[in-house]
Amino acid sequence: MPWATLLTSPSPPITTANRSSLPPPSAATRHHHHHHRLPPDRLALLIDKSKSITQLLPIHAFLIRHGLDRHPILSFKLQRSYSSLRRLDYSTALFHRTQNPDVFFYTAIIHAHAVNNLHQQALDFYVRMLTHGVEPNAFTFSAILRSCPIEPGKALHSQALKFGFDSDTYVRTALLDVYARGGDVVSARHLFDTMPDKSLVSLTAMITCYAKHGDVDGARLLFDGMEERDVVCWNVMIDGYTQHGRSNEALVLFRQMLGLKVKPNEVTLLTVLSACGQLGAVELGRWVHSYVVNNGIRFDVHVGTALVDMYSKCGSLEDARLVFDMIEDKDVVAWNSMIVGYAMHGFTEDALKLFTDMCRRGVHPTDITFIGILSACAHAGSVSEGWKFFHLMKDEYQIEPKIEHYGCMVNLLGRAGHLDEAYELIKNMKIDPDPVLWGTLLGACRLHGNYGLGEVIAEQLVSQNLANSGTYILLSNIYAAAGNWDGVARVRTMMKGGGVQKEPGCSSIEVNNKVHEFLAGDLRHPKSKQIYVMLEEMYQWLEAHGYTPQTDIVLHDIGEFEKKRSLEVHSEKLAIAFGLISSQPGATIKIVKNLRVCSDCHTVTKLISKITGRKIVVRDRNRFHHFVNGSCSCGDYW
DNA sequence: CTAGGGTTAG
């Protein structure tokens with residue numbers, strides 16, 4: 001690249017060869033050729049109007065030809081344009097050819113690196129600035145502190161104090177953000193409280209800090225006290241809820257935002273789509289889709305991918321695929337979302353075909369891609385395919401398997417009955433297994449009745465204090481099935497004593513653009529009465545179809561009648577009952593559950609789909625179940 | 001003689 005060499009070489013010899021390799025001069029520069037002297041402000045305007053590197057290069061060439069490339073303003077503007085086109089290589093080269101860069105140029109080049117997360121380079125420029133005797137000002141500090149890690153940030157903090165810039169609102173906000181990103185909420189709050197004047201941006205930075213570190217309610221408190229709000233702080237607050245599994249509150253806030261006529265932007269819509277996906281709120285998701293189309297929001301790869309993710313998590317794979325096919329310049333994230341979508345729905349062949357397409361187009365798979373592929377294999381029970389991709393990932397793509405990949409493999413092997421193979425895989429892992437992974441193997445032991453191995457693992461987990469709420473339940477199932485009542489009693493004592501609690505099962509269903517959530521035995525819904533009447537009717541149908549409740553999966557130490565009752569009010573059954581009374585006959589019922597569906601609910605849902613002639617789609621923690629006319633798309637294999 | 005530089009969401 002002669003052009004690059006020209007820019008990086010310490011002396012600037014412009015040879016004929018260099019010039020001939022430049023892009024052809026644009027109409028503008030051809031025009032300038034005739035008037036050898038163009039006023040700098042005209043050139044400045046030309047630079048500012050340039051929208052691509054191919055427009056910029058001929059102007060740069062022109063500047064060099066006319067000895068204007070060291071003009072402080074013009075080279076400054078040129079580097080700013082290069083930076084905004086993410087060509088920091090050209091920016092840096094230009095900087096190094098500038099004789100005595102002033103504080104403006106230094107600040108701009110520091111900023112350019114900081115926004116691209118190149119902290120070290122930004123710091124290098126800052127040090128260079130100091131050694132060259134150029135004095136930094138408040139502008140320099142706010143630029144360098146942006147995206148600066150906490151350790152160098154602390155050093156810069158003390159320097160800012162020395163220079164007296166820490167009371168500047170921009171510098172103070174940037175400092176607050178440094179501590180916030182470093183997780184030091186207390187220092188961030190202190191900087192915030194002692195701030196001379198709090199701006200909208202500094203408030204937003206503080207809200208971001210709380211939202212990021214789990215105190216969503218603390219964030220909301222500040223948010224509610226704001227005098228003015230812009231789209232950014234709304235986005236922060238909505239995203240705070242979404243990132244902490246409180247998507248329903250996110251959507252409530254989004255509706256308030258719309259009610260106050262605040263115009264959502266792309267970031268808002270990406271967050272809201274994610275919330276819709278979490279909740280299975282496809283009606284609102286579709287509304288967001290039409291908003292994108294009708295409000296001139298650019299349909300880029302980010303928006304496209306968010307829509308694919310939303311539609312597939314809401315059970316509308318066809319729509320996901322339609323959107324996916326519309327995305328131009330698909331990146332690996334876009335491919336991953338569609339592959340994972342197919343995998344979630346048990347469409348193993350489509351997932352694998354998409355993987356082949358993706359590789360053929362030269363897109364390199366990531367660890368996420370293989371989570372999709374391996375879980376697709378697991379859902380189909382394809383053991384040899386699974387091993388093939390597991391090895392392909394390590395050998396061909398040099399991706400070290402993470403705990404999630406082992407999870408897919410253990411699930412695949414375990415469900416297929418290759419328990420010893422799964423156990424060996426875990427024992428030979430380079431990373432430490434977690435309770436979830438052991439739980440997967442324990443579940444497989446229970447499924448295949450291998451209580452011997454189950455007890456070995458169980459003892460090991462209990463002795464190493466590795467059992468969690470999920471594994472305790474499996475443990476007691478296995479002990480009970482093996483007739484080890486001492487074990488059952490011991491687990492029960494540990495669960496009570498250690499404060500181990502099962503994560504409450506929660507099912508949600510969207511009706512009329514609103515998401516209704518149900519916990520087991522929930523009575524909070526305004527239509528509770530009708531729901532329980534429907535539930536009773538459902539059980540009359542079920543019994544007429546020869547259904548017997550699987551009371552053996554209930555862990556509590558209660559009588560048979562109570563066991564039956566506790567099964568009846570599982571959250572997904574309440575959601576289905578509500579779905580039945582609040583939609584037209586024949587309409588599909590879509591449920592989202594936070595845990596894996598239990599086998600009793602699976603049986604019941606199959607029967608209900610047959611009795612009512614309705615399609616019922618259930619998304620559980622692991623995958624989708626499409627219930628049609630008495631059978632499920634998972635083939636009872638989940 | 002003057003131009004030009006900064007903080008928050010993803």
Side-chain angles (χ1 to χ4, degrees), chain A residues 39-45 47-48 71-81 83-84 95 98 101-115 117 122 125-126 129 134-148 153 156 160 165-181 188 191-192 195 197-212 219 222-223 226 228-243 250 257 262 264-274 300-303 305-306 333:
Chain A
D41 55 337
R42 291 266 297 121
L43 282 164
L45 205 67
I47 295 171
D48 287 344
H71 188 290
I73 305 298
L74 292 179
S75 57
F76 168 82
K77 277 184 172 287
L78 201 53
Q79 90 77 29
R80 192 181 56 180
S81 296
S83 295
S84 65
F95 176 86
T98 306
D102 58 10
V103 59
F104 287 85
F105 209 147
Y106 268 109
T107 302
I109 198 101
I110 287 170
H111 177 242
H113 284 84
V115 287
N117 284 325
F125 279 112
Y126 175 69
M129 177 178 188
V134 180
E135 196 166 309
N137 57 25
F139 287 81
T140 322
F141 272 92
S142 48
I144 197 168
L145 287 168
R146 176 174 175 156
S147 338
C148 181
L156 288 165
F165 299 139
D166 74 305
S167 53
D168 178 281
T169 310
Y170 284 73
V171 175
R172 181 62 79 97
T173 306
L175 281 169
L176 189 167
D177 186 52
V178 165
Y179 287 96
R181 271 185 283 105
L191 284 169
F192 177 75
M195 218 166 174
D197 28 27
K198 300 177 180 54
S199 67
L200 170 60
V201 175
S202 54
L203 260 157
T204 307
M206 195 63 229
I207 291 171
T208 309
C209 173
Y210 282 133
K212 275 264 150 59
L222 274 181
F223 179 84
M226 287 172 95
E228 48 156 357
R229 301 193 188 101
D230 63 358
V231 66
V232 176
C233 70
W234 280 98
N235 290 350
V236 169
M237 202 57 237
I238 293 172
D239 192 54
Y241 281 124
T242 309
Q243 296 292 326
M257 173 182 172
V262 181
N265 64 12
E266 185 187 302
V267 179
T268 325
L269 301 179
L270 294 179
T271 305
V272 170
L273 284 172
S274 163
D300 60 13
V301 64
H302 301 291
V303 172
T305 303
V333 183

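Excluded from the calculations below are hydrogen atoms, water molecules and symmetry mates; all remaining heavy atoms, backbone and side chain alike, are included. So you know, we letter chains A, B, ... as the sequences are listed, proteins then strands, and number each from 1.
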Q: Sequence neighbours left out, what passes side-chain contact (heavy atoms from CB on, under 4.5 Å) with A:Leu78? Give chain and number order.
A: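 So A:Leu78 forms a side-chain contact (heavy atoms from CB on, under 4.5 Å) with A:Ile47, A:Leu56, A:His60, A:Leu63, A:Tyr82, A:Leu94.
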Q: Taking the six-membered ring for Trp and the single ring otherwise, decide whether the centroids of A:Phe95 and A:Phe105 are under 6.0 Å apart.
A: yes
**Q.** Sorted by number, the residues of residues 134-142 of chain A with heavy-atom contact under 4.0 Å to DNA chain B
**A.**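 Within this stretch, A:Asn137, A:Ala138, A:Phe139, A:Ser142 sit under 4.0 Å of the strand.
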Q) Between which nucleotides of DNA chain B, read 5' to 3', does contact with chain A run, using atoms under 4.0 Å from its heavy atoms? A)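 Listed 5' to 3', the contact boundaries are B:dA3 to B:dG10.
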Q | ring pair (Phe, Tyr, Trp, His ring centres under 6.0 Å) against A:Phe104, all qualifying residues, sequence neighbours excluded | A |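 Once residues adjacent in sequence are excluded, A:Phe104 has no partner under the ring pair (Phe, Tyr, Trp, His ring centres under 6.0 Å) criterion.
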Counting any heavy atom closer than 4.0 Å, what does [X] reach on the DNA or RNA strands: base, sugar-phosphate only, or nothing?
X	value
A:Val232	base
A:Lys212	sugar-phosphate
A:Val231	nothing
A:Arg172	nothing
A:Leu270	nothing

Once salt bridge (Lys or Arg N to Asp or Glu O under 4.0 Å) is applied, do any residues pair with [X], and if so which ones, sequence neighbours excluded?
X	value
A:Asp166	A:Arg172
A:Asp239	none
A:Asp48	A:Lys77, A:Arg80
A:Arg146	none

Q: Output all residues satisfying side-chain hydrogen bond (donor to acceptor under 3.5 Å, both in side chains) with A:Ser202, sequence neighbours left out; order by chain, then residue number.
A: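 Scan of A:Ser202 (side-chain hydrogen bond (donor to acceptor under 3.5 Å, both in side chains), adjacent residues dropped) gives A:Ser199.
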